[in-house]
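Report on the structure given below.
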Amino acid sequence: MITVARYHSVLGDMNIAEDQDGLIGVWFDDQKDRNEWLLQQDVVVGSNRVIEDTILWLDRYFSKQIPDVDIRYHFRGSLFQRAVLECVEEIPYGCVKTYKDIKESVCHKLGVTKMSYQAIGHAIATNPFLILIPCHRVIGSDGKLHGYAGGLHRKQWLLENEHHL
């Protein structure tokens, strides 16, 4: 059973989903792939501690505070995706890293010397925890904004909100 709640942000409505093991996703309403996935699940609308903690985290973030709320994640991706997102999660508030930086961190973490940028980009693009795991803080080596599941307009807003741009 998956519990889902709505969150109304300045960037648009969001869905928060959790199962008995923790948070499984946070995404915007217009992310069709995520909403189509949700329609295939056994869902109940409601709230609980994980959802309340996530709402508190988002409230603080959108109020330009550094969220200090611990969220219990239930990560459903591959070990590789988890390694990538752990490196993304380490990017401090108000800072950015490049895809190259993330690739080097993941290579170090996994003890490998080579890895494709496409693999890194795909793992970041499938981040189920938008904003909480700050994939919006990953930019191109050219300093430009590239790809964001929530839309580049939101990525730009999030970075501006953190006083980066």
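Being a predicted model, the structure only gives us computed values, none of them experimental.
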For residues 106-122, dump all side-chain donor-acceptor pairs below 3.5 Å to protein atoms at least two apart in sequence or in another chain.
from   : atom 1 : to     : atom 2 : distance (Å)
Lys109 : NZ     : Glu86  : OE1    : 3.1
Ser116 : OG     : Ala119 : N      : 3.0

For [X], what residues pass the ring-ring contact (aromatic ring centres under 6.0 Å, His included) criterion, not counting sequence neighbours?
X     : answer
Tyr73 : Phe129
Phe62 : Trp157
Tyr99 : none

- Item | salt bridge (charged side-chain N to carboxylate O under 4.0 Å, His left out) partners of Arg76, counting only residues at least two apart | Asp19
- Arg60: partners by salt bridge (charged side-chain N to carboxylate O under 4.0 Å, His left out), with sequence neighbours left out: Asp68
How far apart are the closest heavy atoms of [X] and [Y], and which atoms are they?
X      : Y      : result
Val69  : Trp57  : O-CD1, 3.4 Å
Leu23  : Leu132 : CD2-CD2, 4.0 Å
Ala123 : Leu85  : O-CD2, 4.0 Å
Pro67  : Gln65  : CD-O, 3.1 Å

- Message: How about NZ on Lys103, more than 12 heavy atoms from neighbouring residues, nucleotides or ligands closer than 6.0 Å, or not?
- Response: yes
To the nearest 0.5 Å, how far apart are [atom1] in [X] and [atom2] in [Y]?
X      : Y      : atom1 : atom2 : value
Ile131 : Lys155 : CD1   : NZ    : 13.0 Å
His136 : Ile124 : NE2   : CD1   : 12.5 Å
Arg82  : Ile133 : CZ    : CD1   : 9.5 Å
Asp53  : Ile71  : CG    : CD1   : 5.0 Å

Are the side chains of [Y] and [X] in contact, using a 4.5 Å heavy-atom criterion?
X      : Y      : value
Pro134 : Leu158 : no
Arg137 : Cys95  : no
Ile102 : Ile91  : yes

For residues 145-152, please give each side-chain donor-acceptor pair under 3.5 Å, one per line with the distance, not counting sequence neighbours.
from   : atom 1 : to     : atom 2 : distance (Å)
His146 : NE2    : Asp142 : OD1    : 3.1
His146 : NE2    : Asp142 : OD2    : 3.4

- Would a hydrophobic clustering, with Ile, Leu, Val, Met, Phe, Trp and Tyr connected at side-chain separations under 4.5 Å, put Ile66 with Val88? yes
Validation: residues 5-14 side-chain donor-acceptor distances under 3.5 Å, sequence neighbours left out:
from : atom 1 : to    : atom 2 : distance (Å)
Arg6 : NH1    : Asn15 : OD1    : 3.1
Arg6 : NH1    : Asp29 : OD1    : 2.5
Arg6 : NH1    : Asp29 : OD2    : 3.0
Arg6 : NH2    : Asp13 : OD2    : 3.2
Arg6 : NH2    : Asp29 : OD2    : 2.7
Tyr7 : OH     : Asp59 : N      : 3.3
Tyr7 : OH     : Asp59 : OD1    : 2.7
His8 : ND1    : Asp13 : OD1    : 2.6
Ser9 : OG     : Leu11 : N      : 3.0
Ser9 : OG     : Gly12 : N      : 3.2
Ser9 : OG     : Gly12 : O      : 2.7

- Query: Quick one: side chain to side chain contact (heavy atoms under 4.5 Å, CB included) partners of Thr3, sequence neighbours excluded?
  - Reply: Glu18, Val44, Asn48, Ile51
- Does the side chain of Glu162 come under 3.5 Å of the side chain of Tyr61 through a donor N or O and an acceptor N or O? yes
- What residues, two or more places apart in sequence or in another chain, satisfy side chain to side chain donor-acceptor pair (under 3.5 Å) together with Thr98? Asp101
- Could you identify which residues cluster with Leu79, counting Ile, Leu, Val, Met, Phe, Trp and Tyr as linked when any side-chain heavy atoms lie under 4.5 Å apart, either directly or through a chain of such contacts? none
